[in-house]
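Heads up, the thing below is written out as structure tokens.
Naming convention: chains lettered A, B, ... in sequence-line order (proteins, then strands); numbering from 1 in each chain.
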Amino acid sequence: MGVRFENITKVFGPAVVVDHLNLAVENGEFVVLLGPSGCGKTTTLRMLAGLEEVSAGDIYIGAERVNDIPTQHRDIAMVFQSYALYPHMTIAENIAYPLRVRKTGREETRRRVERVAGMLEITGLMARRPRELSGGERQRVALARAIIREPRLYLMDEPLSNLDARLRVQMRGELKRLQHELGTTTVYVTHDQAEAMTLAHRVAVMSAGRLQQFDTPMNIYQRPANRFVAEFVGSPPMNFIEGRTDAGARVFRGSRGVALPLSENQLGRMNGRERVTLGIRPEHLLISRAAREGWQPAHVYVTELMGNETLVFLRLGNEKIIARAEADFRADPETPVWVGFEMERADFFDAESGEALR
Amino acid sequence: MGVRFENITKVFGPAVVVDHLNLAVENGEFVVLLGPSGCGKTTTLRMLAGLEEVSAGDIYIGAERVNDIPTQHRDIAMVFQSYALYPHMTIAENIAYPLRVRKTGREETRRRVERVAGMLEITGLMARRPRELSGGERQRVALARAIIREPRLYLMDEPLSNLDARLRVQMRGELKRLQHELGTTTVYVTHDQAEAMTLAHRVAVMSAGRLQQFDTPMNIYQRPANRFVAEFVGSPPMNFIEGRTDAGARVFRGSRGVALPLSENQLGRMNGRERVTLGIRPEHLLISRAAREGWQPAHVYVTELMGNETLVFLRLGNEKIIARAEADFRADPETPVWVGFEMERADFFDAESGEALR
Amino acid sequence: GGTGGAKQLTLAVNSGVEGDALKQAAQDYEAQTGVHIQIAEFPYANLFEKELVDLGAGTGAYDLIMLDDPWFPKFSTQGFLTDLQPLFAKRGRGGPDEDFVPSSIALCRHPYSTGALYALPYVGNSQLFFYRKDLFEKHNLKELKTWDDVLAAARTINEREATGAPGGGKVYGYVMRAAQGNAAVADFMPIFWAFGAEMFDAAGRPTVNSAEGVNALKFMLELGKYSPPGYASFNADEVSAHLLQGTAAMSINWPAWISSFSDAAKSKVIGKMDFTDMPGAKLAGRAEIGNWLIAIPRDAKNMDAAFDFLLWATTSEQMKRSALRGNPPTRRSVFTDAELLAKFPAYAVQLRSLENSRPRPRTPLWNEIENTFGIFLSKANTGELTPEEAMSRANAEIAKIIESGR
Amino acid sequence: MKRETQSDERRVYARAGQARRKAAARVCVYALIMLALLATLAPVYWMVTISLKSEVDQFAVPPRWLQFAPTLAHYRDAFFARSFGQYLITSLIVSVASTACATTLGTLAAYALARFRWPSRVGTRLSLWILSTRMFPPIVTAIPLFLMMRDVRLLNTRASLIIVYTAFNLPFVVWMMRGFFQEIPRDLEEAARVDGDSRMGALRRVVLPLVAPGLAATAIFCLIISWNELLFALILTQTDAAMTLPVGIAGRVTQYEIKWGVMSAAGVVAMMPILLFALSVQRYLVRGLSLGAVK
Amino acid sequence: MRRRQILAAEYERALPYLLVAPTLLVLIALSIYPLIYAVRVSFQTGVGTGARWTLQNFTRLASDSFFLSALAHTLVYAVVALTFEFLLGLGLALLLNREMRGRSLFRATLLVPLMLPPVVVGVVWRLMFNPNFGAINGTLKGFGLNTEALVWTASPKLALASVIAVDVWQWTPFVFLVLLAGLQAIPQEPYEAALIDGSSPWQTFRHITLPLLKPAILIALLLRTMDLLRVFDQIFILTEGGPGFATETISLYIYRAAFRFGNFGYAAAMSFVLLLLTNIISLVYIRLLQRQETA
Ligand SMILES: Nc1ncnc2c1ncn2[C@@H]1O[C@H](COP(=O)(O)OP(=O)(O)OP(=O)(O)O)[C@@H](O)[C@H]1O
Ligand SMILES: Nc1ncnc2c1ncn2[C@@H]1O[C@H](COP(=O)(O)OP(=O)(O)OP(=O)(O)O)[C@@H](O)[C@H]1O
Ligand SMILES: [Mg+2]
Ligand SMILES: [Mg+2]
């Protein structure tokens, strides 16, 4: 079942929480909603589920307009950000509830409950009540209650946020498989880039209730539509350097004599714009302790050891930038280093509008 | 104030949830509790806060045994995994409550509330009630309510789990700075490796209520005490290859003629053990499309594009292993490749006990 | 209610010995005649409101009702009741026979004693004066003729019997029933009348604040000094309890209690209690009459059947049965019946006091007036008001009531 | 560092008599409860003794709390003299039926008022009106109700009492339950409906179990009210056929005397069914499990 | 499919109205007619055929000193009784809102006074208050106190206090019942948070328990006030308003007017005053306590 938001707006009192949202999700597509806290993701899901009335606009599931169709008739399964488990029921009863209301046979119910429980590693908890579970266990129960059904639509609101890395990877795999097998259209909210990247067919990036970009994960990452997306997606975030283009010298000039060569095509993209912002991701910066041709001098001001890599925070001209380095890279504050820019990977944005220049 | 757990055990009915935990946190130290969902982290915090009675053992804060001291006299600030905001109070009142009960002056209260609100970017929400906030906003309120005080002890239970990457990095910074300035002993639960690595002075890894290792982040990552820690810390997790040592040929033999050279010192560490498990992290595997001296043949069976890098899942002998590759690495399933092991980075574990061999 | 065939009657009775008697009579009647009689039994307090509502709404729910004589004026003036004369006539009789005690029959007529007959008297209660003859002999007190004798006796007993009660407690000379409302008034009226006071003058204006009235009240308060503490809240129950426990020596009370004094389960003064006429003062003593009447509501469904039963139930042999069931009769012949006299030695006294008893003023506003009067008597009893104030304010309020009643 | 020192001594003091204070607190609690129980039960016990005492003992001075010759006479009198058995049955039928009706209707209405979106404040207005119907003194409504029942030929029937008591209890139920519904997190119903349950299904399967304590309390009270109601029972019934226990009991207050013993006996017996009911719903009175429901 | 869903949507929209409908119907049916009737008679004198239209019932109110003092008594009675019942009820609810042995038994036992028919309560207490035979003075005497002056219901000073005491005894359990149910509905999390934030038991009570208990408190206060302003049975049995009018309340006075003096008009007129009074007080409560609805 496809899903279509047409000019959806939601206001709470004075606050406009979702602002003319237009979004068309293909049938069988897995879409991830990405966006800062409070940007309207949950509200969007809730409107789609019929738990919030839309203030304006239309929502379509498949061909039909569902604005007025009560939740229970929309045939949707949802994982609530706040799990919303039934406190008076055992875990087993919680998970079985959607089947119970559909009068599924006891035998089949048992079978399916066991299957999802196994899938989510909560088999041992069946007889407990929600308040006797750990946070992550509760979250998995909430997830189980959703995926035990085969609805027209899955809505999942940060369903893995309270799980440990190992489980999260595993669950990711399970969800991917499940969605692949059933081909159920899914709208998924997460703050975890790995989830967004690995699960999504397409990612919708929202900010303050407005849709910023709706594209494949790779494009979102590699061809952000504007500076917001570029900065928001990817951690540590992309580095930005304010500056101006010197068309004559074919260089981008940042502060304090920072000068970076520009390709023909890059110059073309700027077509004449003077003030632009250069954006480059930490992994596209190279660091050397010795000066090199065309590399920029900079100073380390702090390093963060991540185990698998080291993040190097640098002062370059007036800008602060972050670079990724090998795990064993070490440098004391104020160490002078030289930074190499993989310029072909650089992105450029209009200094005012923040639009990407392509 | 230091914190000391002495043989702390907690049982819920039949289940042993925390099992003879011994842990000594230095005064002013920032300790991160790491562990799979349901391993007893929250319970540990709650016992330290006095919200759960300990079943056995003693807890010391500073010099004094606090087992019988009621929570409100322990002078602790805590962020609950389930926020536990006051539903009937506005956000401002929620945050101000710890000050209110201490009869802090209205003026100072206002000042401090504004400061933390600003710090956590929730200034605009002050007049609302919790139920009118988004998940991440609620979580920040919970955090604000904790850090508005200067207690003897901070306990934080996944305080950033529902925030977006950008905010999370930012809050991480704030917390680090705060803890640095006040030097308040902090016990912090997280599932986010980056948080653990960047915030913690020391990390305590728990599994099923037992302490596995308590050491600096780097040592946890680079010198895991046992296979569990090695596997649990780091994502994607460390690769493990079952095999036996051939002391004569000074090689490690895996399945299907996989053979890897061993250094003198590595052999020494195994002192004569036959069956061992080799562990190596994805970033210490190199991939080449052409055969190379000493590299092992393998097949790609799937690749995951993460944007900043690509995860390559390989079949090597009977083992499935993961390697990290450049973002632009692409390979169809079944592509034959050659894998290089940075053997000096390899770790070895006893095949039975799973203890690291050092 | 049964239609036409009159095979069924519904009867509203007071729960208590009177009602029970009539109930049993009804069963006998049913056995004899096959007329089924359904009994609706209500607490005394509620019987009045039930009848007021039912009769007012003309539901015709009841073919016969028992009523306490003070209610009669209201019901009759509002035309709730059926004139019995025609029914007598129908059966070729002039009216009730002469055997009925005149003072009782007088209650059943509207206007009082002269007007048409709307009911027949069933239970012939009238106040008696109770006293402990053993104590009177012990302290050889003179026979009670006047209220001053009562006062004197009370004083003596109070002094001499400080520990004379069965429990070793004090015996109070007198016990007064002075709870606000009906109780206070009922116990006061005999004194009030004996002192020569009157509620109303010929023109129907209240005169309770006359000198006689005030003196009567003063005397009552004087008597109160020899009553147990808290008598201002006493009702029949407390009074009787004191007499039965032997902690009080004298009181005005109703015949219904007489039997209790010889019941070991209730009485610690078996054989020690005696009964006499109401004492006098300026005038001869007269008791307050309190009869139970039976009437036929205006909207009764089976008048004739009802009237037949009424006649049957008030015949002397039926009334004798009722008497045996503990109800004083309203017929001389029954009062003087040998068998009964043997069983109820007080009957002689009862008949006397019934015959020269006095009814409460016959006005439809009596409930209201009695209530108000009671309030001020009570205020006097608790010392809130002086007798003068009490009486004059009572007078004023009563005047108001009569005014608004017009 | 004022804060530190202060909290220090706080802690010292705390440590000092921690265990002792705990114990002391527990003792206090029990002591207070015992006191309350005493105050509550003394008159009840007194009533029971009265019901077992002959009149002589009832008024004995000093009062006899223990030493008296027990008799069942009053019970016999209470239950064989008049058709108490019948009253008891009527009372049971009437109060159970009316309680059932009131709690059912009232709960539904309360749910609607507490949970659904109503056009501008209509919800609140309705609730207020519902409440106001209970403010008029029954004494005054009794007569018109009597006339109504007469016109619809319901006088002297159990039905009339059931209807009246239902109406009498409804406002209470509505307000009580409305309050409790508002306490339940909405997420739970939303979850239920997402899981495909209808509004009513969600109410039955999810919400009601959570408000069980409130419902139990409400039911108990409705039952008590209709069980003990006197005025309407008097006005609307005429014969034993439809009379309730309180009427029967009140009947023992006669013109000349109160049958203390009989009334106490009747009181003791009248109390029993309710007491049993209350005991049987005790378990529903325990914590609403709203704990750990939502994050 | 579509039509089914459109129907579903319609049903969803209609549902709240369907849910309140039965309640409203019952209440309208049983309250409108009595209201009209009361209005009519309150503007009439005399009954039935002899009725005349008049304002006199209302004009008379102002000049009726009995009515005014009854009003005063009622207010005193309500305020004092409510205060005690609320404080005691709240205290008990808090005491018993914890895990302890025998809790459910305690709870049920504390409800016993509520379960007794008011008539019986009146009778039992009347006996206990008796200055000479009563259990109270008897016991006090047992402790060697002089009880000559303690004539309870017979003393204009003590009478009101006495009847209030009985009301407190009988109705505190109701407040207790409602508040306990309210307490049970409060989730645990805020309490843990409060502990962490270092709030003392009193502060926790003040800042967490009370606000979250508001709905229950509102209900308890509303219903108790309404009933207190109409109090009838116990007083009627205990003192009939005496001595010297000291315990006469509005309802007693209304009752007399209607059922003793057959003056329904005046009774109705007084009832409207009572209704007005109750309404005002209720609205005040609601203003103060109604949790603002956040839909
Ligand atoms: N009240 C309880 N009764 C029974 N078992 C409980 C109770 N509370 C927690 N547990 C169990 O104790 C274990 C530890 O719970 P805890 O909340 O400490 O886990 P955790 O480490 O915080 O997990 P998570 O990361 O998911 O929050 C879990 O397996 C949980 O099921
Ligand atoms: N009932 C409400 N009244 C007023 N504002 C609300 C209400 N519910 C949500 N909001 C606001 O709407 C905005 C969007 O909320 P929403 O829950 O959709 O955010 P979100 O994208 O899910 O954030 P998060 O990632 O933190 O969950 C937030 O700023 C929130 O403050
Ligand atoms: Mg959200
Ligand atoms: Mg946890």
Count the heavy atoms belonging to other residues, nucleotides or ligands that lie under 6.0 Å from [atom1] of [X], then report whether that count exceeds 12.
X: B:E53; atom1: CD; value: no
X: A:R202; atom1: CZ; value: yes
X: B:E174; atom1: CD; value: yes
X: B:E342; atom1: CD; value: yes

At a heavy-atom separation under 4.5 Å, does [X] approach chain A through its side chain, its backbone, both, or neither?
X: B:T42; result: neither
X: B:P36; result: both
X: B:E304; result: side chain
X: B:S134; result: side chain
X: B:R345; result: side chain
X: B:N219; result: neither

Minimum-distance pair of heavy atoms, taken over all atoms of [X] and [Y]:
X: A:N162; Y: B:E158; result: ND2-OE1, 2.9 Å
X: A:G38; Y: B:E137; result: CA-OE2, 3.8 Å
X: B:G307; Y: A:E283; result: O-OE2, 4.5 Å
X: B:S37; Y: A:R140; result: OG-NH2, 2.8 Å
X: B:M306; Y: A:A194; result: CE-CB, 3.4 Å
X: B:M197; Y: A:L305; result: CB-O, 3.6 Å

Approximate separation, where rounding is to 0.5 Å, of A:Q193 CD and B:D164 CG
12.0 Å
NE2 (A:H191) and OG (B:S161) are apart, to the nearest 0.5 Å, by 9.0 Å
Segment of A:R172 engaging chain B (4.5 angstrom heavy-atom cut-off):
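A:R172 touches chain B through side-chain heavy atoms alone.
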Region of A:P217 that comes under 4.5 Å of a non-hydrogen atom in chain B:
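Contact with chain B: none, neither part.
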I'd like to know which of B:R324, B:R168, B:R166 tops the heavy-atom pair count under 4.5 Å against chain A.
B:R324
Indicate yes or no: at least one non-hydrogen side-chain atom of A:V169 is less than 4.5 angstrom from one of B:P236.
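Result no, sub-4.5 Å side-chain heavy-atom pair not found.
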